[in-house]
Amino acid sequence: MEFLAIAFAGVLGNICSILSLSTTSTGWFNSLCSPGDISSVLGPHLSSGAHIYLPGSDQFTQATTRWSAYQAPNFTVIVKVATESDVGETVKYANKQNIPFIAVNGGHGAIRSLEDGKTATIGGGALSKQITDSLWTKGKQTVTGICECTSLLGPGLGGGHGILQGRYGLIADQFVSLNVVLANGSLITVGEESDLWWGLKGAGHNFGIITSATTKIYDVPDDGVWSYIRFIYTHDKVEDLYEAINTHLLKNGTQPVDFFSYSLFFNLPSLDPDHSLIAFFILQGGTASVESQYADPFKKMGPVMMKGDHGSFKDIAKWTDMATDSPPSLNNSFFLFEGYSVQGVQSIPSDSTAFPHREANLLVAPVVTYEPGDKKLESEAFQFGETLREIIFQGSDEKEMYSYVNYASGNEGPQSWYGYEPWRLEKLRVLKEKYDPDNRLSFYAPFV
Ligand SMILES: Cc1cc2nc3c(=O)[nH]c(=O)nc-3n(C[C@H](O)[C@H](O)[C@H](O)COP(=O)(O)OP(=O)(O)OC[C@H]3O[C@@H](n4cnc5c(N)ncnc54)[C@H](O)[C@@H]3O)c2cc1C
Ligand SMILES: *[C@@H]1O[C@H](CO)[C@@H](O)[C@H](O)[C@H]1NC(C)=O
Ligand SMILES: *[C@@H]1O[C@H](CO)[C@@H](O)[C@H](O)[C@H]1NC(C)=O
Ligand SMILES: *[C@@H]1O[C@H](CO)[C@@H](O)[C@H](O)[C@H]1NC(C)=O
Ligand SMILES: *[C@@H]1O[C@H](CO)[C@@H](O)[C@H](O)[C@H]1NC(C)=O
């Protein structure tokens, strides 16, 4: 799995985890070892809303189910946390028992406050959909990932791409302050005056568990109108298509804001038994149909299918099959080329955050799916993904392989995730020495 595939590589044996929490009875904390012990020792220190779940319970299964089974950690106990203090207590307990832990998003934690119309405070476990929906009722929006299913902080701690990034920058660029439980269990509020601020925005998974985030929010422009067209092409159009995408849309990083274009190779034997097909999406904000200067070149190219609609920003997840209730339309492998607009991302100085890939105009990701449980198949799938990635890399003009940390498969290494400029990793390691000297937070794309 190249896409997403998580960085739990190198973790041996059982793991305990914190599924993180948020504001109101949300997230989870998972830890291992003697379960009876954890209930009697940790239990009294937790709030009344917290729960400890052991294997065999529905809640345990629910909390440990992952999008990718590849190199999934082995959880033995889940602590569902309800308050910031629960997170600190659980981390302290895990440290005392020398139990490894990780935060996993609980998928809860809605917006806590929206005081001045310019910022909102969001629980550490909140999902994209909850955030977008509740801001929408106030005529506001912020940058989230495209899938309703991911959290804000999971993506955001590694940068965080989203459709509104062309206007506003990455998810991490929206942070105004973060409440963080450090590796030693103490809770601090971190803002731009802290040295840790730089590291949290791009390498944040390595520094703490975020219990809440205050982020910038914006008025929804143009009544939030968006439109889209989806084309499907046969494989013989591949060169014309990508030429046109480069010439008419991406234009070396000048695709207009309020735009998102992406394509994917996929297989549909009923349409073409021998070759991949290409689905290509153009999404445009502020207009009830994609403007003809952008749409026409792609219509002329002879798609085998074409479909479009207009609605609001909130409909995008449904149009792109990224809604929580979307059917699993892509259960096969696919190859993704994401063309987010980049002005908002590139207007922020590259050295001002740990996110190292601001100059990139495209995200390219082979996504290889397979039935879990078969080690040989898993290794073949992994090799296949590596081969696909290598082909793309060889075909690019890049000297180094850059990997977006949230899409990484785990074997790329710290330079690829955090940047090849030596000062970047040096700076991260200085922060790590200060804030997590015992390397307790070490399972998500570690650099130590
Ligand atoms: C279908 C799909 C669509 C995606 N779309 C996008 C996209 O549009 N843009 C984008 O940038 N990425 C996207 N991604 C990648 C995404 O950024 C990562 O998968 C991310 O890790 C998801 O975070 P999560 O919190 O939802 O998941 P989780 O598995 O719960 O968390 C992932 C990691 O983040 C850490 N984490 C989560 N919450 C916290 C917290 N509060 N404090 C500290 N650590 C925390 C966890 O410890 C864990 O290690 C997508 C992935 C998938 C599967
Ligand atoms: C989880 O346990 C299985 C079976 O014991 C083992 O093969 C696997 O490597 C473990 N995974 C991790 C990430 O430790
Ligand atoms: C693309 O943009 C970059 C950064 O603005 C610039 O350095 C480069 O020369 C441009 N390339 C082309 C082919 O225009
Ligand atoms: C994926 O699709 C194939 C063929 O369309 C089907 O046989 C299979 O059951 C699907 N798998 C899942 C997990 O949905
Ligand atoms: C926890 O770590 C932070 C950062 O290193 C430090 O400032 C704080 O004093 C530590 N707290 C405890 C209780 O040791």
Side-chain angles (χ1 to χ4, degrees), residues 1 3-8 17-22 26-28 30 63-68 72-73 81 87-88 91-92 95 101-107 109 122-128 143-163 165 170-172 178-188 194-196 200 204-213 246 250-254 260 262 317 320-322 326 328 330 336 338 340 342 346 355 359 361 363 365 367 397 404-408 431-438 441 443-445:
M1 302 290 265
F3 183 48
L4 176 262
I6 303 308
F8 296 111
S17 132
I18 292 188
L19 244 240
S20 172
L21 92 125
S22 84
T26 65
W28 312 75
N30 165 350
T64 53
T65 301
R66 296 160 57 84
W67 188 82
S68 167
V81 290
V87 180
V91 169
K92 284 180 203 155
N95 287 342
F101 61 86
I102 56 173
V104 185
N105 217 288
I122 294 168
L127 301 186
S128 291
V143 186
T144 62
I146 186 169
C147 188
E148 290 182 344
C149 59
T150 53
S151 72
L152 187 77
L153 287 161
L157 293 173
H161 292 287
I163 291 178
Q165 71 169 43
L170 300 167
I171 294 175
L178 298 171
N179 278 10
V180 186
V181 170
L182 297 172
N184 64 9
S186 53
L187 172 71
I188 60 171
S194 167
D195 55 355
L196 189 53
L200 287 174
H205 310 87
N206 288 283
F207 291 111
I209 296 169
I210 314 304
T211 56
S212 69
N246 285 332
L250 299 181
K251 292 191 286 191
N252 193 24
T254 63
F260 178 45
Y262 73 100
T320 56
D321 288 328
M322 289 283 187
S326 290
L330 273 172
L336 189 61
E338 291 178 286
Y340 291 103
V342 293
Q346 296 182 351
F355 178 80
E359 70 298 333
N361 295 332
L363 269 167
V367 182
D397 291 334
Y404 175 38
V405 68
N406 290 328
Y407 283 15
L431 288 173
K432 191 73 174 170
E433 189 53 42
K434 178 166 171 192
Y435 289 99
D436 184 14
D438 298 327
L441 294 147
F443 300 120
Y444 194 97

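Just so it is clear, the model here is predicted, and its values are computed rather than measured. The first residue in the sequence is number 1, and the count goes up from there. One-based numbering, in listed order, for ligands and for the atoms of each.
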[X], any N or O under 3.5 Å of ligand 1 N or O:
| X | value |
| --- | --- |
| T150 | no |
| M322 | no |
| H161 | yes |

What part of L157, side chain from CB on, backbone N/CA/C/O, both or neither, has a heavy atom under 4.0 Å from ligand 1? side chain
Which one holds for F101 and ligand 1: side chain close, backbone close, both close, or neither close, with close meaning a heavy atom under 4.0 Å? neither
Any atoms of ligand 1 less than 4.0 Å from a non-hydrogen atom of [X]? List them with their elements.
| X | answer |
| --- | --- |
| G208 | 43 (C) |
| C147 | 1 (C), 3 (C) |
| G145 | 7 (C), 8 (O), 9 (N) |
| I146 | 7 (C), 8 (O) |
| N406 | 15 (C), 17 (O), 18 (C) |

Could you report the tightest heavy-atom contact between [X] and [Y], atom names first, then the distance?
| X | Y | answer |
| --- | --- | --- |
| P155 | L152 | CD-O, 3.6 Å |
| G123 | L153 | O-CD1, 4.4 Å |
| F355 | G158 | CD1-O, 3.4 Å |
| A213 | L178 | CB-CD2, 3.4 Å |
| L200 | F207 | CD2-CB, 3.9 Å |
| L170 | G159 | CB-O, 3.6 Å |

When I209 is tested against each of V91, L187, V81, N179 for side chain to side chain contact (heavy atoms under 4.5 Å, CB included), which residue passes? V91
Within-shell test, [X] vs ligand 1, heavy atom, strictly < 4.0 Å:
| X | answer |
| --- | --- |
| Y340 | yes |
| Y404 | yes |
| G156 | no |
| G162 | no |

The one among G160, G154, A103, G158 that brings a heavy atom closest to atom 48 (C) of ligand 1: A103
Heavy-atom proximity to atom 41 (N) of ligand 1, best of L200, V405, I210, L441: I210
Can you tell if the side chain of [X] reaches within under 4.5 Å of the side chain of [Y], non-hydrogen atoms only?
| X | Y | answer |
| --- | --- | --- |
| H161 | N406 | no |
| D436 | N206 | no |
| F260 | I146 | yes |

Do S128 side-chain atoms and T150 backbone N/O form a donor-acceptor pair below 3.5 Å? yes
Indicate yes or no for a side-chain donor-acceptor contact from Y340 to the backbone of Y262 under 3.5 Å, with no hydrogens or angles considered. no
Using heavy atoms and a strict 4.0 Å limit, residues surrounding ligand 5 turn out to be L182, N184, S186, K434, Y435
Name all residues meeting the side chain to side chain donor-acceptor pair (under 3.5 Å) criterion together with S186; count only those two or more places apart in sequence or in a different chain, and write none if there are none. N184
In terms of side-chain heavy atoms, does E338 have a donor or acceptor partner in Y407 at a distance below 3.5 Å? yes
